Every structure is written in structure tokens, then in C-alpha cells.
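Worksheet: one structure, shown below.
Keep in mind that this is a model prediction, so the values were computed, not measured. Computation of the quantities below employed the complete heavy-atom set of this structure, encompassing side-chain atoms and omitting hydrogens, waters and symmetry-equivalent molecules. Both ligands and their constituent atoms are indexed starting at 1 by order of listing.
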Amino acid sequence: MVETIQWTDDGVVMIDQTRLPREEVYVTCRTYGEVAEAIRSMVIRGAPAIGVAAAMGVALGVLRSTDRFEEICDTLARTRPTAVNLFWAIGRMKKLYESLQGQPIEQIRARLVAEAQQIRLEDIAINEAIGRNGAELVPDGKTILTHCNAGALATAGYGTALGVVRAAIASGKRVDVFADETRPFLQGARLTVWELQQDNIAATLITDNMAGHFLKSGRIGCVVVGADRIAANGDVANKVGTYSVAVLAKENGVPFFVAAPISTLDLTLASGDEIPIEQRAAAEVTHVFGVPIAPDATRVENPAFDVTPNRYVTAIITERGVARAPYSESLRAL
Ligand code: MRU
């Protein structure tokens, strides 16, 4: 399976997700500022993956710069606002740093580097557990529809939504995947299809506006998506377009599953209305691979995420088990 992100003696090495699937290029971030820029420009993306990147960024900052710890953390926290895993990972590094005050700097550095590597390893194990919990819910002999990329590339490895697919196949279920192309950044077309092909998992690419057609056709056994932040009431922020898929799934009686680690829960927010939604550059909408597809000076909106109300979510699959409505009780219990 693909290596999304790794700690090396040179720095933090990531596969450049802006260049997939045409080129498999690895970039090395040698400063925490470079890690922050890689997150902002989506060289690395996906909620758990940017959490791991941020943790490694903090470690790199303490190891190689003389900047204040707060400044390092703030720079990384300012990169992208929606995925709560980013803030969760920075928070975990902060807590460790504070607990080590008074110890020699060499020891603090070593512990922070070890912690960042530990977060990466834990993420893979968590995704495998999510996969096992989710595999039982997937109907045999049917197609799984997914949106965006919630695979190995969006995590330290194995994936959340695609982890469920991998585990279902490993358990003997015969499933294939329909991937929404996921305009405007095309994570489905560029990343999900590429990643599934690497593992010889049957994948079919559809454009986002075809999802309703296929959900009505009876071919889709369930929808499985990832999440960037889940509020206490079970409202789910995920890649823009997820909400439409969820509504269409419910309309057609198709189960809609969200696969995410506990670190994606934000129980401090009562509902999804409070989740900050990242607005990205207009050029992502007006251009495709640098080629303009709209008249010059076209007005654009480009929210990167939407919020699916909890009533459309059949279940939330985590490493600790499967939560169902009422989510305000089941998520807290996990
Ligand atoms: O903008 P992106 O590519 O970072 O958005 C990614 C998603 O929306 C994923 O579905 C989500 O982060 C879950 S990844 C396991």
C-alpha cells in the first residue's frame, strides 16, 4: 500500500497528492513552515493525514527551529480550518510538550519526534479497527459508493471509508466501488480510483451528478464516506457534495455510513452549524488543471466542505464501535 507520510532523518516525506495520478512524486518538508505549506496547498490532505502531518510539523519545528513553541503550533493550526484532526494532533503535541517542561531540550525533542511517529502508527491501527467494524455492515455482492478520498492517502495508511472496503474484501465479501469524481479538486477521480487500482480493487469512476441515478438503480448496496468533523449531535462535515449524496441515499433507501476515528469527533460543538467551513480559491472552480472552463471574471463560491444533518446518517463507524441515532447519546458513550 502507498506510504502517505513518513518521518525520516531528512524531514517529513509525503507523496505529493496534487500530482497524482500522473506522477508519483515524493516531497521532503525540512521545516515546519514547509509542512504547513504542504497542508495548505493539499500536497497532503484528508483529515487524519493532516493531523499526522501537523504532529510531525510540530516535532520538526522544535527539532530544527528556534521559534517559540506557540508560534510553531499557531502556524500549523492556521493552515486549514475544518478537519478537527489537525487541532486534535496539535493539542496532543502541546500537552506532551507542557508535561516535559524542565527536562533537557534534547529529551523534549526526542519525545516529540517519537510522539509524532506514534500518532502515525496509531492512525493505521485505528483505521484497521474501523475497517473491521464497518465490514460487517457492508452488503455482500453489491457496489459501495464513496465520495472524495477517505483512503490510505487521506490517512497514515489503510483509510477510513476505503478501510471499510478493504476489510470487507478481506473478510470475503464481493464488493466493488463507485467513486464520485469530487469536483472541484477531483480527489475521487485522481486519488480514490488510483489508490484502489494499486490494490486491484474494482473501481468505477462517475461524475458527481450521476450519484442519484445510480442510487436509484438498485446497484449501490451502501454509501461509505469519511468525515472532517462530527458534531456532538452526529452532524457530519465532509467534502462538499456529501450532503447531496446522503439525501439521495435516504430517498432511495440506501444505507449511508460515515467511517471516522474518534479524533474526528468534536463534542464541544452541539451541532454541525458551528463547524467552520473552509472557503478555497475561485481558480479551483473556474479552471481544471490550469485550463479555464468559465468566462473571465466569473463570480465563484468554493466551500470545500458541507454538513450532512444527522438524520441522513445510518451509522457512524469508529475504531471503538458503531454509533447510531440518537447520536448525542451514542457518540458520547464511545
Ligand atoms: O479537502 P480534503 O481533500 O482534505 O477533504 C478530504 C475529505 O473530505 C475526506 O473525506 C475526509 O477528510 C476524511 S479522510 C479519511
query: Are side-chain heavy atoms of Thr146 and Asp180 found at a separation under 4.5 Å?
result: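 The answer is no; the side chains never approach within 4.5 Å.
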query: Are Asn238 and Thr308 close enough, and set up right, to give a side chain to side chain contact (heavy atoms under 4.5 Å, CB included), and what steps lead you there?
result: CA-CA 8 Å; Asn238 190 48; Thr308 299; over 6 Å; no
Salt-bridge criterion met for Glu122 and Arg92 (N-O under 4.0 Å):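 Arg92 and Glu122: salt-bridged.
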field: Salt-bridge contact Arg229-Asp266 (side-chain N to carboxylate O under 4.0 Å)
entry: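 Salt bridge between Arg229 and Asp266, a charged N being under 4.0 Å from a carboxylate O: yes.
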message: Can you list everything that forms a side-chain contact (heavy atoms from CB on, under 4.5 Å) with Glu34? Sequence neighbours excluded, please.
response: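 Only Cys29, Arg30, Thr31 meet the side-chain contact (heavy atoms from CB on, under 4.5 Å) criterion with Glu34.
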query: When you measure from the centre of the six-membered ring of Phe185, is the NZ or CZ of Arg190 under 6.0 Å away and within 45° of the axis?
result: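 Yes - Arg190 lies over the ring of Phe185, closer than 6.0 Å to its centre and within 45° of its axis.
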- prompt: If you look at every heavy atom in Gly57 and Leu76, which pair is closest and at what distance?
  reply: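 Minimum heavy-atom separation between Gly57 and Leu76: C-CD1, 3.6 Å.
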field: Closest contact, heavy atoms only, Ser263 versus Val84
entry: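 In terms of heavy atoms, the two residues are closest at O-CG1, 3.4 Å.
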Less than 4.0 Å is my threshold; does some heavy atom of [X] fall inside it relative to ligand 1?
X      : answer
Met42  : yes
Phe305 : yes
Ala227 : yes
Ala83  : no
Glu278 : no

Hey, is [X] touching ligand 1 through its side chain, its backbone, both or neither, going by heavy atoms under 4.0 Å?
X      : value
Ala150 : both
Arg80  : side chain
Gln187 : side chain

What are the atoms of ligand 1, with element, lying closer than 4.0 Å to any heavy atom of [X]?
X      : value
Ala47  : 12 (O), 14 (S)
Cys148 : 5 (O), 6 (C), 7 (C), 8 (O)
Asn238 : 7 (C), 8 (O), 9 (C), 10 (O), 11 (C)

Protein heavy atom at shortest distance from [atom]:
atom                    : answer
atom 11 (C) of ligand 1 : Asp228 OD1, 3.2 Å
atom 14 (S) of ligand 1 : Ala154 CB, 3.4 Å
atom 15 (C) of ligand 1 : Thr160 OG1, 3.0 Å

message: Check this for me - ligand 1, Thr155, N or O atoms closer than 3.5 angstrom, yes or no?
response: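 N/O-N/O distance below 3.5 Å does not exist for this pair.
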field: Check: Phe69 ring centroid to Tyr97 ring centroid under 6.0 Å
entry: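 Between Tyr97 and Phe69, which both carry aromatic rings, the centre distance is below 6.0 Å.
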Option passing side-chain hydrogen bond (donor to acceptor under 3.5 Å, both in side chains) with Asn149 (candidates Lys239, Gln187, Arg45):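 Checked Lys239, Gln187, Arg45 against Asn149; only one passes side-chain hydrogen bond (donor to acceptor under 3.5 Å, both in side chains): Arg45.
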From the candidates Gln17, Arg229, Arg280, Lys239, the one that places a heavy atom nearest atom 1 (O) of ligand 1: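 Of the listed residues, Lys239 has the closest heavy atom.
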